[in-house]
Amino acid sequence: FVAMSAAGGPLVMAIVSCVAAAAAFVTRHPRRALYLLTTAGGGGLLNLELKRHFARARPALSQMLRLGHGYSFPSGHTMESLVVVGGLIYLAFRLLTTRWKKALVVVFGVAFVVSVAASRVYLGEHWISDVGAGASAGLLWLATTTIGYESFRRIHLLHQARDPSA
């Protein structure tokens, strides 16, 4: 659980986001890179603002062990891992061609996020409601950025179909 908590932490998720965005940019897909950076960065900022707004204390166990710092609600690890991994799942889903590869990506991604969320409660860092709120806010942010990205992508394709020289 400690390893999963660390793997879903803000530093690791920021590194994963930056590496994936850099790979997208290098392979000449700047829109994908912008999508990943907006999704991950915006999710992190949204989490910070939600924590500041609710200012909920961490469980007493976390304070006794001096593990947690900052506010508890919503779970940043859960929210950020869901946003980053969810964005990567979406892009992988668009790129992969076979059903079994798509299913494998979804299963591993969901298992990772659920493991991170469970680790936060198991380690006494968060209440279950913190994790639920982190997952809910993360899903809402991921859906917003993904719908926006997909809308712009389709508009771009329509413009290319009308004017092939663009």
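No experiment lies behind these values; they were computed from the predicted model shown.
- Within a 6.0 Å radius of CZ in F25, other residues, nucleotides and ligands contribute 12 heavy atoms or fewer.
- Applying the side-chain hydrogen bond (donor to acceptor under 3.5 Å, both in side chains) rule to S81 yields no partners; only residues at least two apart in sequence or on another chain are considered.
- Under the side chain to side chain contact (heavy atoms under 4.5 Å, CB included) criterion, I155 pairs with H159, not counting sequence neighbours.
- Partners of Y90 by side-chain hydrogen bond (donor to acceptor under 3.5 Å, both in side chains), not counting sequence neighbours, listed by chain and number: E150.
- Tracing side-chain contacts under 4.5 Å through hydrophobic residues (I, L, V, M, F, W, Y), one reaches L96 starting from F112; they form part of the same cluster.
- In this structure, CZ on F93 lies 14.5 Å from CG on L88, to the nearest 0.5 angstrom.
- In the hydrophobic clustering (ILVMFWY side chains linked at under 4.5 Å, chained through shared members), L37 stands by itself.
- Taking all atoms of both residues into account, the shortest heavy-atom contact from S17 to A40 is OG-CB, 3.2 Å.
- Of the inter-residue distances, the one linking R31 atom CZ with Y149 atom OH reads 8.0 Å to the nearest 0.5 angstrom.
- Cluster partners of I15, by chain and number: L11, V19. The rule joins Ile, Leu, Val, Met, Phe, Trp and Tyr whenever side-chain heavy atoms lie under 4.5 Å apart.
- Residues forming a side-chain hydrogen bond (donor to acceptor under 3.5 Å, both in side chains) with T27 (at least two apart in sequence, or on another chain): H29.
- Residues passing the side chain to side chain contact (heavy atoms under 4.5 Å, CB included) test with L95, sequence neighbours excluded: R32.
- With a 4.5 Å cut-off between side-chain heavy atoms of Ile, Leu, Val, Met, Phe, Trp and Tyr, the cluster of V131 takes in V121, I128.
- Annotation: the span from L142 atom CG to L82 atom CG amounts to 6.5 Å, rounded to 0.5 Å.
- Here the CE-CG distance, from M79 to D130, works out to 13.0 Å after rounding to the nearest 0.5 Å.
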Next item on the list: Evaluate side chain to side chain contact (heavy atoms under 4.5 Å, CB included) for L36 paired with V84, printing each intermediate quantity in order.
Entry: CA-CA 7 Å; L36 285 172; V84 171; over 6 Å; no
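- Partners of S119 under the side-chain hydrogen bond (donor to acceptor under 3.5 Å, both in side chains) rule, at least two apart in sequence or in another chain, do not exist in this structure.
- Each of Q160, R154, R153 was scored for a side-chain contact (heavy atoms from CB on, under 4.5 Å) with H156, with one residue passing: Q160.
- Under the side-chain hydrogen bond (donor to acceptor under 3.5 Å, both in side chains) criterion, the residue pairs touching residues 133-146 are Y35-T146, T39-T145, with sequence neighbours excluded.
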Residues 98-110, side-chain donor-acceptor partners within the protein, below 3.5 Å, at least two apart:
from : atom 1 : to   : atom 2 : distance (Å)
T98  : OG1    : W100 : NE1    : 3.4

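- A distance-only check finds no donor-acceptor pair linking the side chain of E80 to the backbone of P10 [under 3.5 Å].
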